[in-house]
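Notes to accompany the following structure.
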Amino acid sequence: DTEVTQTPKHLVMGMTNKKSLKCEQHMGHRAMYWYKQKAKKPPELMFVYSYEKLSINESVPSRFSPECPNSSLLNLHLHALQPEDSALYLCASSQGRGSADEKLFFGSGTQLSVL
Amino acid sequence: RKEVEQDPGPFNVPEGATVAFNCTYSNSASQSFFWYRQDCRKEPKLLMSVYSSGNEDGRFTAQLNRASQYISLLIRDSKLSDSATYLCVVNGNAGGTSYGKLTFGQGTILTVHP
């Protein structure tokens, strides 16, 4: 079982809804990530938080808003999404030491459907 | 050219077979390399890191050739449970934040049949 926990596992939302995805890890990792994965495609990086500060934003539309309340929690706030945003959203964490062989550990993901 | 390219597959092999996957990467400054496996509708899970000296973990052997920018994964004595998508993953060099920028290959689907 993964040590990175994501909720909810499934989410269906309308284009006018506001929802949030949540991610939690208790491995003492200081880097946390959001990835987006479309069917039959590889994961694509969205955001990286390092020591609770946003360090990478891969030009993600503003309808996706990340938040890192503390070193164990990572949220992704969703507003006014489009149907093409439907995908599997994966959270990951890593030690955050910046070493070359930093390994990422993924949560089981939230399968999002936008109607 | 894609940053990370893999054999398109799919590979369909019988139990007990040996199967090899290849991967090439374009960024010569890449620092580290991994193989992840992903089961259908599940998250990617780290299978093994890949080192220049080559490394082995049970039935799995990974090789890295920096000169050719080529990575391989060999699976011996395939099991039904090895059926999954295998993702070649490269950690690019982006200065101090390089540890965050994993680039995934498209993945190779492996199906092991009885």
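Convention: sequence-line order gives letters A, B, ...; per-chain numbering from 1. Basis for what follows: all heavy atoms, side chains included, without hydrogens, waters or symmetry-related copies. Only a predicted model underlies this, so the values are computations on that prediction, with no experimental measurement involved.
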(request) Give the cluster check for A:Leu73 versus A:Met27: same hydrophobic cluster or not, with ILVMFWY residues linked at side-chain heavy-atom distances below 4.5 Å. (result) no
(message) Grouping I, L, V, M, F, W and Y whenever their side-chain heavy atoms are under 4.5 Å apart, do B:Phe60 and B:Val50 come out in a common cluster?
(response) yes
(message) Less than 4.5 Å apart, side chain to side chain, heavy atoms only: is that true for A:Leu104 and B:Tyr36?
(response) yes
(message) When you compare the side chain of B:Gln38 with that of A:Gln37, does any pair of heavy atoms fall below 4.5 Å?
(response) yes
(request) Evaluate whether atom NZ of A:Lys38 has more than 12 neighbouring non-hydrogen atoms of other residues, nucleotides or ligands under 6.0 angstrom away. (result) yes
(message) So B:Leu102 and A:Tyr33, do their side chains get closer than 4.5 Å, heavy atoms only?
(response) no
(request) Check whether any side-chain heavy atom of B:Pro44 lies under 4.5 Å from a side-chain heavy atom of A:Leu90, and answer yes or no. (result) yes
(message) Is there a path of hydrophobic side-chain contacts, each under 4.5 Å between heavy atoms of I/L/V/M/F/W/Y residues, joining A:Val12 to A:Leu112?
(response) no
(request) Give the minimum heavy-atom separation between B:Glu43 and A:Gly107, together with the two atoms involved. (result) CB-O, 2.8 Å
(message) For residues B:Leu73 and B:Ile109: do they belong to one hydrophobic cluster (side chain heavy atoms under 4.5 Å, members Ile, Leu, Val, Met, Phe, Trp, Tyr)?
(response) no
(request) Check whether B:Leu80 and B:Tyr86 end up in the same hydrophobic cluster, where Ile, Leu, Val, Met, Phe, Trp and Tyr are linked by side-chain heavy atoms less than 4.5 Å apart. (result) yes
(message) I need the A:Glu44 CD to B:Phe104 CZ distance, nearest 0.5 Å.
(response) 10.5 Å
(message) Is A:Glu58 close to chain B through its backbone or its side chain, or both, or neither, when contacts mean heavy atoms under 4.5 Å?
(response) side chain
(request) For the residue pair B:Phe34 and A:Lys103, establish whether any side-chain heavy-atom pair is separated by less than 4.5 Å. (result) yes
